[in-house]
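To keep things clear, I will list the structure first and then write my remarks on it.
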Amino acid sequence: MSDERFDQDLRSVLHEDAPLDVPDALRRAVADIPSRYPVGRGRPIWRQPIPLWIGGLAAAALVIAIGFWRLGPLLSTDVGESPTPLPTIGSSATASSVASASPSIPPSASPSVAPSRSPSSPPAVVACVAADLRARILGWQGAAGSRIADVEIDNTSARSCLVRGTPGLQLVDANDVVLLDSATAGPSGRAHVSPSDPSFELAPGGHLRTEVQASNYCGPDATLPIHIDFDLPAGGGKVKATPASGVSSDEAVPPCMGSTAGAIAMNGWRK
Amino acid sequence: MGVIGVGTLRRPTAMTRSEEDGGMATRRLVFERLTDQRLLKAYRLATLVMRDPAEGEDAVHDAAVLAWTRFDELRDHTRFDAWFDRIVINVCRQRLRRRARGVVTQIVMEGTSNLAHGDGTSVRAERDALRHALDRLTPEHRVVVVLRHLEGYSTGEIAARTGEREGTVKSRLHYALRELRSAYDAAERGPEGER
C-alpha cells in the first residue's frame, strides 16, 4: 500500500465527513451572541445572562432570610431588650456574656457583624483561626471562561474573632488534587494582610460572604465534588469551604481557555 | 481587603456611557466580521473532532460565546483565526472529556459516512476503516490529524492552534497516523488479514 494512496484516502475521508456549509441555526445563534451576552469592562453581575443573575438573586434572598433569622436576637439586644443567647453552634452563657461585653464601637474600618454595648472591661478580640470557622459554598455561577462560587463563612466558635486580609485560595477536587492555587495562579496571591484591609469582627454565629472566581483550568479531569481552601493570613490555618446541601459541583471546574494562565481570586469579605 | 481580582463583578467606572457604547459597537462589528469569516472552518474542525455534526455545532457556539467575552484579550486581530481555532479545540476537548466521564458511546459519523463515495467495495472498506480508526483516536490525536490533513497546516501552525510544542505535535501526528495506517492496511488485507 503506497503512502500516497493512504494520504489521499485520509484526505478524502476528512473532506467527505467535513460539513460543506454552516447550518443557518448556528450562523444565527453566533450572530446573536453579542446581544445575548453583553460584556464590557467590569460587567456587573446583574448584566450577566438571565439564569445567572436569577440564581444570584435567589441565593441573596436566602442569605438575607438566614441573616434575619440569625441576627434577630442581636438586633433586639441593641434596642435595649434583655440579652438573648446567641443562636450559634456551641454558644453558651459565657459566650454571650463575652459577646455583650465586647467594645460597642469598633474601629471605623472594622464593621462588626455583632456590635454590642456595655463597654466595661473589653476583652481582646483576636484573629479568627480555622478552628473558629466553617465555610460553605452556597452555589456556583458559570460565567464564560470562569466559575464563580458564592461562599459564606460562619463563626462556629464560642468567642468573637476578627477576619482581616486576603487568604490564599485553592480550588481542590475530591481527591485533594489542587486544581488552581492563588500562590501560583494569581491575582490574589498568597495569604496576606494589607494596611488598608478592614477588619470584620465576627461574633459567635456571625457570618461573612465573598465570591471566589476561578478561570482557565487545563489540567487532568477533576473528581467531584470540588471545594475551596481558604488559607488564612498569619498562619490562621486552612478553612475548607465545601458545597452546602444540594449544591452541585458539576459546573465548578472552569473551562480550559489555553491562551491565558489559570487564575483564582476573591472579592473582599462583606457582611 | 487587599487584592480583589474578580474584575467582572465590578461596576464600570472609567468610561462614560457614550464612550462605552461606541467602543462596544465597534467591538461588536469587528467580532461579527471575524467570526463570520471563520465560522465554516471552525464548524468543520469541531464536527470532525467531535465526530458528530450536532456536537460540532454546540462546540462552535460555546467557543463563539467564549471568544466574544474574551475578545478584549486579543490584541492583534490578524491572529483571530488561530486564536479562535484554539478556543474551538479547547471547547471540543472539554466536551469530549465530559462525555467520556458519562456514558461511553461510539460516535460514528452516521450522517456523513453513508455518503456515496463513488468507488469500489475495497476502497469503501478501507475508508470505513479509516473512519472507525478516527473515532478511536484520542481527541488530541484527532485534532492534529484534522488540522494537518483537512486544513493543511504545518506542524508549527498546528502548535499555535493547540498550545502544544511543535515536537509534541509531530509526535502526536506520528502516532495518530500510525494508528490510522494500521487500520487502513488491515482493511486492505481483508477479513483474514485483520487481527
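- Summarising the geometry of Arg127(B) relative to Asp9(A), their closest heavy-atom pair is NH2-OD1, 2.9 Å, with the distance given to 0.1 Å.
- Considering every non-hydrogen atom in both Leu14(A) and His149(B), the closest pair reads CD1-CB, 3.6 Å.
- Put simply, the side chain of Leu130(B) reaches to within 4.5 Å of the side chain of Phe6(A), judged on heavy atoms.
- Looking at Thr210(A), neither its backbone nor its side chain comes within 4.5 Å of chain B, counting heavy atoms on both sides.
- Using a 4.5 Å cut-off between non-hydrogen atoms, the part of residues 36-45 of chain B that approaches chain A consists of Asp36(B), Leu39(B), Leu40(B), Tyr43(B), Arg44(B).
- The shortest non-hydrogen separation linking Pro254(A) to Gln94(B) is O-NE2, 3.8 Å.
- For the pair Leu10(A)/Leu177(B), a side-chain contact is recorded, criterion being any heavy-atom separation below 4.5 Å from C-beta on.
- For the atom pair CZ (Arg148(B)) and CZ (Arg11(A)), the distance works out to 10.0 Å, reported to the nearest 0.5 Å.
- Remark: Arg93(B) CZ to Cys218(A) SG distance equals 7.5 Å, nearest 0.5 Å.
- Contact record, Asn90(B) with Cys256(A): CB-O, 3.3 Å, taken as the closest heavy-atom pair.
- If you measure heavy-atom distances from Ala29(A) to chain B, the contacts under 4.5 Å come from both the backbone and the side chain.
- At most 12 heavy atoms of other shown residues, nucleotides or ligands fall within 6.0 angstrom of atom CZ in Arg79(B).
- For chain A, the nearby part of Glu32(B) is the side chain; its heavy atoms alone come within less than 4.5 Å.
- We find the CG-OH distance between Asp7(A) and Tyr184(B) to be 9.5 Å, quoted to the nearest 0.5 Å.
- The nearest pair of heavy atoms linking Pro23(A) to Glu57(B) is CG-OE1, 3.6 Å.
- Counting heavy atoms of neighbouring residues, nucleotides and ligands inside a 6.0 Å radius, atom CZ of Arg165(B) does not exceed 12 of them.
- Summarising the local packing, CD of Glu179(B) is surrounded by 12 or fewer heavy atoms from other residues, nucleotides or ligands at distances under 6.0 Å.
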